Amino acid sequence: MRGIKRTLSLACVMLKGNGLANINGDSRKKNKWLSKAGNFILLGFLAVYMSVLTGVSALTLRRVLEPAGLHQILIGLYVSVAVVFIFLFGIVYVISIFYHSSDTEKLLPLPLKPDYMISAKLIITALYEYVFVIVLIVPPLLVYGLTGNEAWYYFFSVAVVVLLLPIIPLCIASVMVMLIMRFTPFARNKDRFSMISGLLAMGLALAFIIATQSMSAFSQEDLILLLQSGVQDLSGLTAVVFPGVSAASAALTADSAVSALSALLLLAALSAIALLSHWQPQKVFISKVSWDFLPHRQNRSSLLKTFCAGNRSQAVHLLR
Amino acid sequence: MIELNNISKSYSKHIKAVDAINLHVENGEIFGFLGPNGAGKTTTIKMITGILEPDEGEVLINQISMNQSPYEAKKSFGFVPDDPDIFPRLKAIEYLQFMGNIYDVPTEVRSVKIAEMARRFELTESLSNRIQSFSHGMRQKLMIMGALLHTPDVWILDEPMTGLDPRSSYQLKEMMREHADSGKTVFFSTHVLDVAERICDRVAVIDHGHILFCGTMDDMRHHFQSTRSLEDMFLQLVEEMRPGAGEQT
């Protein structure tokens, strides 16, 4: 209980103190209220715009696919697209929050167990993913449910899937980041990383908008064929790479409460396994993070040397 | 109490930043850690505070090994880093509450301590402001308040006088003296030899990773058989350590 309280306190401080959750504007500006209102309006507009865009596209697609009895493939499409986006953004978030955040060295002299720090950083990363999921995936799933008069357990499944779906791709992303940081130098440079991640975000957003809008250019039959084959391929691929995708889809397309709950339980179990099995590599990972943040060049090379020698326990000690 | 037993740290194959140093800082004393730039002061402090692990040797804080029980060891000291930039968007009071939570300081105790220290450092009016609006000196004072909130047995400061105005500098020296007089340990690094000369019970001079001298000011004067200032003696010590210095004399 005390550990949870401490972890949450740390997560709040990191979130607020580094300005990660800052929508209050720049307090140094004279007219900070104007800045605050501007931020709220801009972020609100973006969230509403994206929600409406995804909601309307869900409505259109359902109308196209329902006569052919293929509307359930939309669930596979949403879940698969969601995990791919969560995974890609997860890589960016993990690098930025675990590596490029400047608070690590300041926290090292404090009596904080490494588990608290990992948990706090993971909570922040997950929060970002949830914001993304709520804006991009929840509207089409709700539109799908409301237009199809789905049963109560569908909406319950939406809530649980939204809660659990980011965990597995996020865990895979964080382990991948550990490998990227271990073996490639490109993401260590903060400026270069910001540029690449900015381009990636822009590219994904652009691809999403183009894909959504270009669907109107297809005839109904072509669109059905395209979606059927495309979604099958995508779902098959994501189900292999991200365990849990099939369970999430099954929960959302279940025809009874019992089968929905069974699928949700399977998803919860897989998420728990992913979370637990990624914990140990994560400890090594966060030790590597501290290397990146030690301000002196000598310190960095010292820790790099430690890692190259495979003496990870020594580096792990940094966060004890 | 701080004990450094034969600790070493190297950043490359050829250069040892800290080379097998031994120090024993007793309770109730203010210990000044002096040395020129790149001498190994900050590396030593990073090893004491658990930021870096020594390649060899052991650090004990109040008899607790930093290597074996880092959590317990870290609870027994308060650390003021040389760079006071942390969580800039937090309000000062939020930062202090966070430190209070981390060190399990009871709410009533921390309120009293925050009020008292804020009064001494003239920060009472600024506690509800964001840290990013603070000057370097104000941030430094906030770090000092955070480090002292749990009344640690050992107080470690890295270049604490940097950026402080004369009044705050005076207050800090007073607080260091009070801390030591209450039977606790104060360990700080500094470039300001004048300060070290006036408030330290003992000093150690480090250069090129080696301790050149460790003792009281009187010991140092006796060592040099001189009544010169600490600055003169420090410069002579460091000069003697320079490569080739022995050949010239």
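Everything numeric here is computed off the predicted structure, so don't read it as measured data. Labels below follow one simple rule: chain letters A, B, ... track the order of the sequence lines, proteins then strands, and each chain is numbered from 1.
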Between B/Phe187 and B/Phe33, is a ring-ring contact (aromatic ring centres under 6.0 Å, His included) present by the stated rule, with each step listed? CA-CA 7 Å; B/Phe187 180 97; B/Phe33 199 46; 5.3 Å; yes

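Using modelled atom types and a 3.5 Å distance limit, the side chains of B/Thr190 and B/Lys41 yield no donor-acceptor pair. Under 3.5 Å, the side chains of B/Ser8 and B/Asp55 contain no donor-acceptor pair of N or O atoms.
Contacts of A/Leu10 with chain B are made by both backbone and side-chain atoms, with heavy-atom separations under 4.5 Å. For chain A, the nearby parts of B/Asp83 are the backbone and the side chain; heavy atoms of each come within less than 4.5 Å. Heavy atoms of B/Glu94 lying under 4.5 Å from chain A belong exclusively to its side chain.
Heavy atoms only, all atoms of each residue included: B/Ala204 and B/Ile211 are closest at CB-CD1, 4.4 Å.
Residue with the most contacts toward chain A among B/Phe98, B/Phe79, B/Tyr95, B/Phe77: B/Phe98 (heavy-atom pairs, distance under 4.5 Å). When each of B/Asp104, B/Asp85, B/Thr49, B/Ile131 is checked for heavy-atom pairs under 4.5 Å with chain A, B/Asp104 comes out on top.
Using the six-membered ring where Trp is involved, A/Phe89 and A/Phe132 have ring planes that are tilted, between 30° and 60° apart.
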